[in-house]
Amino acid sequence: MTDLTHTFAVEATPQEVYAAIIDVRSWWGATNIVGPTDQLGADWFYLVPDIHFSKQRTVDLVPGERVVWEFTDGHLDFVAAKDEWIGTTGRFDILAEGGQTHVTFTHEGLTSTDECFDVCHDAWRHYITTSLKQRIEIGDGTMRTREEDEAAVRNHTGSR
């Protein structure tokens, strides 16, 4: 069992990558996020009604190196264990190597045995390796629409 992980590399400085990560609205959901995402100790919320709610606390901010969130509350409507994210951690590790900056996102505590794993793996893959990467490279991420979120849930769970 390993934690859900996604990695990519970009031609940007570690500081540029860090700045993009903490600007969560620009790559995860401009209208779905409430609260400060760039302050140590701050709580903030992500919501897609009738699909996903999560409350995060930013617990580690090391410019150019690392960002860590604790998922302190949540509700996933598409699985039986609605609270699967509670007690897990989202971790971004930033490393300059070979003229590029490598970003590794790990959702610590969310593994292939969790019911939401397939849907969450698909969603995080989009938000990390497509939207966040685009935010770093061109200044804007690509958020999924509600319809895309619903289709992903249907595709992985056969429901909705």
Parallel, tilted or perpendicular, as decided by the 30° and 60° cut-offs, for the rings of [Y] and [X]:
X: F53; Y: F45; result: parallel
X: H52; Y: Y46; result: tilted
X: W69; Y: F71; result: perpendicular
X: F92; Y: W27; result: perpendicular

Less than 4.5 Å apart, any side-chain heavy atom of [X] and any of [Y]?
X: V119; Y: F78; result: yes
X: P63; Y: Q15; result: yes
X: I128; Y: F8; result: yes
X: T2; Y: S112; result: no

* To do: Using the salt bridge (charged side-chain N to carboxylate O under 4.0 Å, His left out) rule, collect all pairs that involve residues 132-142, keeping only residues at least two apart or in two chains.
  =>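 Pairs touching residues 132-142 that pass the test: D23-R135, K133-E137.
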* Is there any salt bridge (charged side-chain N to carboxylate O under 4.0 Å, His left out) pair reaching into residues 66-75, and which pairs are they, with sequence neighbours excluded? ->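 Salt bridge (charged side-chain N to carboxylate O under 4.0 Å, His left out) check on residues 66-75 returns D60-R66.
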When clusters are formed by joining ILVMFWY residues with side-chain heavy atoms under 4.5 Å apart, either directly or through shared neighbours, do [X] and [Y] land in the same one?
X: I21; Y: V59; value: no
X: V62; Y: V103; value: no
X: V48; Y: I86; value: no

* To do: Give the intermediate values and the outcome of side-chain contact (heavy atoms from CB on, under 4.5 Å) for residues E84 and V79.
  => CA-CA 9 Å; E84 275 188 336; V79 294; 4.2 Å; yes
Between [X] and [Y], what is the shortest heavy-atom contact and its length?
X: G64; Y: I94; answer: O-CG2, 3.5 Å
X: T13; Y: T101; answer: C-OG1, 3.5 Å
X: D3; Y: G109; answer: OD1-N, 2.8 Å
X: A20; Y: S26; answer: O-OG, 4.3 Å

* Begin with the C-alpha distance, continue with both residues' side-chain angles, and end with the deciding distance and a verdict on side-chain contact (heavy atoms from CB on, under 4.5 Å) for V34 and W44. => CA-CA 6 Å; V34 175; W44 55 278; over 6 Å; no
* For T58 and Q56, does a side-chain donor sit closer than 3.5 Å to a side-chain acceptor? ->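 Note: T58 and Q56 side chains miss the donor-acceptor criterion.
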* Strictly by modelled atom types, are H107 and T88 linked by a side-chain donor-acceptor pair under 3.5 Å? ->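 Present: a donor and an acceptor within the cut-off.
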Using modelled atom types only, decide if a donor and an acceptor are shared between the side chain of [X] and the backbone of [Y] within a distance under 3.5 Å.
X: K82; Y: H75; result: no
X: T113; Y: T111; result: no
X: S131; Y: T142; result: yes
X: E108; Y: G90; result: no

Listed by chain and number, what are the side-chain contact (heavy atoms from CB on, under 4.5 Å) partners of [X], not counting sequence neighbours?
X: E11; result: Q100
X: I22; result: Y18, D38, L61, V67
X: A12; result: V10, E16, V17, I136
X: R144; result: D122, A123, H126, Y127, E148, D149, A152

* **CA sep, side-chain torsions, deciding dist, call: I33, W28, side-chain contact (heavy atoms from CB on, under 4.5 Å)** => CA-CA 8 Å; I33 293 174; W28 196 16; 4.2 Å; yes
